[in-house]
Structure formats: structure tokens, C-alpha cells
Amino acid sequence: MVTISDVAKEAGVSLSTASRALNNSVLVSQEKREQVLEAVRRLGYRPIRTSAARQAQQNKIIVVVTAMLNRDMLDCIRQTADELGYQIAMSYVGESYDEGYRNALALVRMLPSHLICGLIFIHNECRDPDMWKEFSTYPLVQIGEYKGVSPLRSIMIDDRAAAYDMTMYLLKQGYRRIVYVRTDRDERYSYGKPRLEGYCSALREAGVEVDTALILEGEYLLDGGVDVARQVLKMKKRPDAVFCTSDHLAAGCLAELEKQGVRVPEDIAVCGFDNHEVSEYCQPGLTTVAQPYGEMGVEAVRMLDMVMSGAIFSGRKIFAEHTLMIREST
């Protein structure tokens, strides 16, 4: 059966762009819309028609609780849910996590429990055990950062492999003194340690000593990247590359280096992590690790649907494939 993912690949666009094109979104250019429609014709794609079984669950609701607003992911969650016959209710927790998750729980309580088929958590930062216990009474799928629950169903990238691949790319480009910049949030997130391990592993494999003086920490903001750049410029022996585990950090670092007359990448290369929109608008363009946010959203809905249909009962952990987006900053 041809899916919207097949259409996106055939058209050479992202899954979210294909979704928007089929829904006549004004965010899609006419050229890309025509590419998608041509792919639809070539593949014979037809949206999933709801069967009698699907019609019986059309009023079922998937509650999405998210700590991040990623347009690609949310578009693909909505599109896939629509194809499978589910409705979406979303709660954005924002930066006030405790209050945000209380509001999300209030939404869940407000909805008739027999209509809620499950919850999708994106970058889960719920810290209150009582709230998490109540959320966990429903089927759950978690994307990215996750909390312990049984059975655990989660979708993420292999953070260790992603950091390893980026570090190895820099090494193959000839960089040797590579600064690694953690965020001030790394200690409390599950991805912090694996990313650092990937960086160290790549250095050791290449015969480069891990210098702890080159492992820095910056606030998860553009200003944090500015501070990192200033630390780098004060080093007696300057590094030749800076690998930030956040695009926001990397963008701030890149901007400050350029401001101080340091050429990127001729003097110091800079790369980030996540492929957020800010990475595309940096000058020069920011090399980064891309997470397949759209595909992760699709898989989350499909996994929850399989739970609802009885196809899976146990836990499941999916590692989505990351890619290196090589741009001018390296």
C-alpha cells in the first residue's frame, strides 16, 4: 500500500511538505505542490479510507503533550492521525513545566475517558510522580526524551551514534582540536551522556586524545553560544572546530566568532545538533545533525494505533535514522 511517506520520497520533499501540499497549505510553493501531486499520480496514492472498524473509532482522541513546537512533527502527527481516523487534542506545556503538565492533565481529565485512545508525549519533562502516574493509566508513546513506564514505547535517534558521526566527520575534514559544548540541560536529559560518549569514542578511534579542557558547557540559548565563543577565543591554543549539542548554541557561537573577525570555517569550524530552522538562516549555513521529526511523528501515531488494534502489547523502542546536514560552516 502506498503511503504519504512514499509520496514524499518520490517527490523529493520532506514528509511534512507532502502533507501540507495535499492539504493545500499556503506554506508550500507552487513548484513543490506540483512535485507532490505528480508523485501522487505516478504512485497512485489514495488516502486511507476508513473501514467500518475505523468509523467506529473516528471519535477517538489522541492527546499530544509537547514541550517543543516542531512544525514538521506536529503536521505529520495530525496527517497520520487523520488518515487512521483519529482526532487530535494538543497541549503545549511551554517553559513552565509543572504548570504546563498540570494543564495537560486538566485537558485529559476534561475529555471523556472512553474517547481517549492514548497519549503522545514529545520531549517529556513531566517531573511530578503523581501526575505521571495518572498519565500512565492511558496507552503512551514518547518521542525523544522519555520517562520510565511499563510497557515503554519510545521513538528517538541514537544520540551516541549521531555525536560519533558528526565528530568523525570533523576529524575526516582534518580538524583535530574539537571543542565539544554541552548544554546546561544535559545532566537531566537522557541524551546528554550518550552524545558525550559518541564524541569521545570518535576521538579515541582516530587516535586523538580527549582533552577535558575542550569540553565546555553553555546555556541553551543564543546568548549561551556567544559566551562559548568568548571562552574559545580566550584559549591559549585555539581549537579548529566547535561542536555544539544545540543549534541555538551553535548559532550564537557562530555569530560571535564572525563578529570578532574569526572566519568560519576557515579559522574555526562550527556545527550544531537538531537541524532546527535557525540552522538554515545562519551565515554561513550551519552544519548540523538532523533528526527526522516528521517521520518520528508518523511512527508515534502508528505505534499507538497498533496498541489500540491489539497488534502489539509489549514495549517497543524505535531508533529513527539521523543524518548529517553538511553546510558552509564546516
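Each residue takes its place number in the sequence, starting with 1. No hydrogens, no waters, no symmetry mates; every other heavy atom, side chains included, goes into these values.
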Counting only pairs under 3.5 Å, give me each side-chain donor-acceptor contact of residues 101-109, with atom names and distances, residues two or more places apart or in other chains.
unit_1 : atom_1 : unit_2 : atom_2 : d
Y101   : OH     : E125   : N      : 2.8
N103   : ND2    : E99    : O      : 3.4
R109   : NE     : E134   : OE2    : 2.9
R109   : NH2    : E134   : OE1    : 2.7

Ring pair (Phe, Tyr, Trp, His ring centres under 6.0 Å) pairs touching residues 180-215, sequence neighbours excluded, are H123-Y189, Y180-Y199, Y180-F243, Y189-Y191
Other residues, nucleotides and ligands only: do more than 12 of their heavy atoms fall within 6.0 Å of [atom1] on [X]?
{"X": "K147", "atom1": "NZ", "answer": "yes"}
{"X": "R316", "atom1": "CZ", "answer": "no"}
{"X": "E280", "atom1": "CD", "answer": "yes"}
{"X": "Q30", "atom1": "CD", "answer": "yes"}

I'd like to check the side chain to side chain donor-acceptor pair (under 3.5 Å) partners of T287; sequence neighbours left out, ordered by chain and number.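 Residues passing side chain to side chain donor-acceptor pair (under 3.5 Å) with T287: T330.
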Would you indicate whether the side-chain heavy atoms of S279 and M325 approach each other to under 4.5 Å?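 Counting from C-beta outward, M325 and S279 never come under 4.5 Å.
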Taking only residues two or more places apart in sequence, or in another chain, which ones meet [X] in a salt bridge (Lys or Arg N to Asp or Glu O under 4.0 Å)?
{"X": "R153", "value": "none"}
{"X": "D159", "value": "R195"}
{"X": "E299", "value": "R302"}
{"X": "E295", "value": "none"}

Determine all donor-acceptor pairs shorter than 3.5 Å in which one atom belongs to a side chain in residues 206-217; sequence neighbours excluded.
unit_1 : atom_1 : unit_2 : atom_2 : d
D211   : OD1    : A213   : N      : 2.9

With sequence neighbours excluded, residues passing side-chain contact (heavy atoms from CB on, under 4.5 Å) with E197: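 Scan of E197 (side-chain contact (heavy atoms from CB on, under 4.5 Å), adjacent residues dropped) gives R160, K193.
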Taking side-chain contact (heavy atoms from CB on, under 4.5 Å) as the test, write out the residues that go with D165, two or more places apart. H322, L324
Could you tell me which non-hydrogen atom of A18 sits nearest to which non-hydrogen atom of V13, and how far apart they are?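 Shortest heavy-atom contact: N-CG2, 4.0 Å.
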Residues which pass ring pair (Phe, Tyr, Trp, His ring centres under 6.0 Å) with F135, listed by chain and number, not counting sequence neighbours: F121
In terms of hydrophobic clusters joined by side-chain contacts under 4.5 Å, are I318 and M73 together? yes
Same cluster or not: are I120 and Y293 linked, directly or through other Ile, Leu, Val, Met, Phe, Trp or Tyr residues, by side-chain heavy atoms under 4.5 angstrom apart? yes
Can you run down the side-chain hydrogen bond (donor to acceptor under 3.5 Å, both in side chains) pairs that involve residues 263-273, sequence neighbours left out, and say none if there aren't any? R263-D267
